[in-house]
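Contents: one structure, followed by commentary.
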Number of protein chains: 2
Amino acid sequence: MAHHSAPGRPTLAAVAARAGVSPSTASLTFAASPRVAPATRDRVLAAAAELGYAGPDPIAASLRRGRTGVIGAFIGERLLYAFRDPVAVQLLDGITEVLGGHGVGLLLLAGDAGRPAADQLVRIPLDAAIFATCGLEDDPALDLLRARGVPVVGVEGPVADDVVLIDIDDRAGTAQLAAHLRDLGHRRVAVVAMPLRLDGTRGPVDAARRARVHYRDVRHRVEGVEDVFGPVPVLETASNVAAEGESAGRALLDGPAGVRPTAVIAQSDVLAAGVLQAAAGLGLAVPDEVSVVGFDGADLPWLGAVQLTTVVQPTDAKGRAAARAAMALVAGERPDGVLLPVTLRVGTTSGPPPVP
Amino acid sequence: MAHHSAPGRPTLAAVAARAGVSPSTASLTFAASPRVAPATRDRVLAAAAELGYAGPDPIAASLRRGRTGVIGAFIGERLLYAFRDPVAVQLLDGITEVLGGHGVGLLLLAGDAGRPAADQLVRIPLDAAIFATCGLEDDPALDLLRARGVPVVGVEGPVADDVVLIDIDDRAGTAQLAAHLRDLGHRRVAVVAMPLRLDGTRGPVDAARRARVHYRDVRHRVEGVEDVFGPVPVLETASNVAAEGESAGRALLDGPAGVRPTAVIAQSDVLAAGVLQAAAGLGLAVPDEVSVVGFDGADLPWLGAVQLTTVVQPTDAKGRAAARAAMALVAGERPDGVLLPVTLRVGTTSGPPPVP
DNA sequence: CCTCGTTATCGAATCGATTCGACAACCCAC
DNA sequence: GTGGGTTGTCGAATCGATTCGATAACGAGG
C-alpha cells in the first residue's frame, strides 16, 4: 500500500545519485545557483529528465524554508456574493497582480456568514493573510492567525497593533461628497448604507443598531455625511447589491415631494445604481427631482451613459498595496500602513434640489 | 538571524515534553484520536495552552501526509476579466462550496494571457488542479502538472486520458436553441462567438481561424447551430463581456431589413445582453424585428424585466461536480467524468421573424 | 496465581528537501 | 614551490510533524 497518491515519484536524492553528485549539489542546481559548474548542472538536469523528475517537491521545500508561497485572502461572505461586488473583484485583481509577479498564489478563504472557515485555517499552510472585504474588529479568525504567527494585512480593518492597515479616507471622502450636495442647496438627505454587520438585517438604523456596526468603512461613510449635515436618516441594506439598493431607494423616495429626501447618498455605486432604478421606477427625474450619489468609482457596465456622482477610490492600488504589505511581512519586514487618497467625481446624477 | 518569520514558536515536541508524554501521543491528541485517554488529552491540551501552541504546523503535516489541503483553480485570463463573467463566478462558488465543506482551500491561478503562471505551479504545493475556465487542449501547464503527479479535473476541457472531464452538452443544447429559432421561421441567423482563443482577435471568423479554436465550448456551440442551419456567419468577440457583444451586435444589425439577420445567437448571456443593447441603440424592437438568444441561463441583474431566451446550464452543479471529482482524485480514487444536462428556456427575446 | 485480551502510550523511521560551514582542487603570482 | 584566493562539491543537521508496530499496564477469567 502506497503512502502517497503517486507512489514511485523520484526524489532529489535519486536524481543526485544518478548524476553522481551529492543531494546538496542537486538542490543547488534546481535553485539555479551560480555556484554550480555548468557541466555538473547539465549532468543533474539530464538525470532529472531521465527519471522524469519535475523539480523539488514544493511541500518539502516549504517545510525547510518555512514558507509556502501561498497567501490567503479572507472574503467575509460567500464567494458568490462577494464577486457580485465590483470593488471586491477589483481589489482581488490588484492583489493577484502583485502576488503573481512574485510567484505567490492567492488562496480564497470564504466563510459562510457567521463562522468563517476556521477548519481551513487550521489545516492549510499560509504565509500571510489579507482581510480583503471583512474588516471585523473582533473576527475569531484573527486570533487563530495570531496564535499561528501568520502575519495579517487588513484592508479597511480590522484595526490592531499587529495588523498592517491598508486604508482610505472614507470619512473625509464622504464629507466632501456631502458638502457638494449641501453647496448645491440640499438640506434633506438620506443615506442608503451597506450592511452594518452580516446578519441579514435591513431597514432604518437606530442608535442601538448603530452601536453595533462591524465594518469600519460603513461607519466612516455615515460619519462623513454627519460631519456636514448632522444626524441624517440611515437605511441599512442586507447586502451590497443593486436589488437591495433599489428596494431601499423605493422606501425612501416613495413619498410626497415636500417630505422625501432631495438627495440620496448611497454608500456604494452598486447601491446607487439600485437607487437610480428605484427613482426611474417611481418616475422621478435624476437629478432634477432627486440627486443620487454613490461611492467607489466602480465603472458599472449597466449604468450605461449615466455618469454617477461618486467618490472615486483607487481600488486596484489598494489591492496592490495590500499584496505588497503581505509580501513585506513574509520577508520579515515591518511595513507601514497605507492611507490612499479618494477624490470626488461629479457626474450627471447630482444637481440642485427641486424648487418647491 | 532567525530562520523563520516567527522564531520561537513552540513545536509539538515541546508540548509533549511539557505534558510529560511522547510526541506520538501529543500528535494523536491533536488528531482527536479516540485511543488517547481523556486525562492525557487534557494534560496535553493544557500544556499546549500554556505554551501558546496553536496546533500542528500545517506545512510539516502536509509533508508527512503528502497532502496540503489546497486545490488550484486555473483561470485562463486575468482575474478581473474572469470575474466579470457570471458563469465563472458561479462555477467557482460551486467549487468552494464543496471544498469548504472538506476544509480544503481553493487557490486561484490566474495567468496573464499567454503564459499562465508557471512559476507558481513550480513553487506552490497543490493536491489537485481544476481547469476552471480555460479548456485549452495543449495548455503547457497541463504537462507541468502531469510531471508533478498532480491530478487534474477539466471543466469543459482539456480532453485527455488522465484528466477527469466535467462537461455539458454544448452542441445539443445549442442545436435545440437553433431549432427553436428555425421553427419560429428564421432562416437568416448569425452567431456572436466568445473568443476562439485568447489573442484579442475580433471579427468575422474564416476557415483558418475556425481551425485554430482553442475552447471546446466555443466550437461546440458553433457546431450546434450548424447542425440546424448549416454554415452561418460567425462574429468573434475579443472577450466575453457585454461591451464586446454590443459592438458585435451593432456590426451585425446595422443594415437594411432584408439583409441583416433576423436572429442573433450569442454564445453567452453576457454577449446576448450586449446584442440587446445594440438592438436598442439601433432602434430595433426585440423580438419583433430581431430575435436575440444566449447561453448559460445566468440571471444578469442588468437585464431588468427582459427574459432572455437561452440555454440553461447548471453552472453551480458543474462547480460542485468538479470539486467532488478533485476530492476523489486526491483520495486516490479514479472518478468518472460527468456530463450535465442543459435545457432550453424560451423567454421574451425570441419570436417569429418580421414579415418583409 | 497465571494467562489472555484490551487499552493507552511510546520509539523510531520517514516525508523530501535546504543550507551552512568545511574541504578539496585549482589557478595565479611571487 | 609555497601561500593565498577562488570555485565547485559535499556532509550532516534540520524543518515539524505522522504513523506503525511494539510494549507496558491492567483487569478479568480460569
*Near-strand residues of residues 24-38 of chain B, defined as heavy-atom separation under 4.0 angstrom from DNA chain C*: B/Ser24, B/Thr25, B/Arg35, B/Val36, B/Ala37
*Counting heavy atoms from C-beta on, name the nucleotide in D/dT18, D/dG16, D/dC10 closest to the side chain of A/Val21.*
D/dC10
*asked:* Should the side chain of B/Arg64 and the base of C/dT14 be counted as holding a donor-acceptor pair, with the cut-off at 3.5 Å?
replied: yes
_Once salt bridge (Lys or Arg N to Asp or Glu O under 4.0 Å) is applied, do any residues pair with A/Arg18, and if so which ones, sequence neighbours excluded?_
A/Glu50
*Can you name the side-chain contact (heavy atoms from CB on, under 4.5 Å) partners of B/Arg320, sequence neighbours left out?*
B/Glu97, B/Val98, B/Asp316, B/Ala317, B/Arg324
*asked:* Walk me through whether A/Val44 and A/Phe30 qualify under side chain to side chain contact (heavy atoms under 4.5 Å, CB included).
replied: CA-CA 9 Å; A/Val44 173; A/Phe30 285 103; 4.0 Å; yes
*Check side-chain hydrogen bond (donor to acceptor under 3.5 Å, both in side chains) between B/Asp93 and all other residues, then give those that pass, not counting sequence neighbours.*
A/Arg78
*asked:* Quick check on D/dG16: is either OP1 or OP2 less than 4.0 Å from any side-chain nitrogen or oxygen of B/Tyr53?
replied: no
*Where the side chain of B/Leu63 is defined as all heavy atoms beyond and including C-beta, which of C/dT18, D/dA17, C/dC15 is the nearest nucleotide?*
C/dC15
*Could I get the full list of side-chain hydrogen bond (donor to acceptor under 3.5 Å, both in side chains) partners for B/Arg35, not counting sequence neighbours?*
none
*Identify which nucleotide among D/dT18, C/dG16, C/dT18 has an atom closest to any side-chain atom of A/Ala61, counting heavy atoms from C-beta outward.*
C/dT18
*Any salt bridge between A/Asp167 and A/Arg216, counting N to O under 4.0 Å?*
yes
*Identify, with sequence neighbours excluded, every residue that meets side-chain contact (heavy atoms from CB on, under 4.5 Å) alongside B/Thr11.*
B/Ala13, B/Ala14
_Whole angstrom value for the distance that separates C1' of C/dG16 from CZ of B/Arg148_ = 12 Å
*Starting at CZ of B/Arg65 and ending at P of D/dG16, how long is that distance when rounded to a whole Å?*
17 Å
*Rounded to the nearest angstrom, tell me the gap between atom CZ in A/Arg67 and atom P in C/dG16.*
23 Å
_B/Ile59 CD1 - C/dG16 C1' separation (whole Å)_ = 14 Å
*Separation of B/Leu12 atom CG from D/dG16 atom C1', in whole Å?*
8 Å
_B/Arg9 CZ - D/dC15 P separation (whole Å)_ = 15 Å
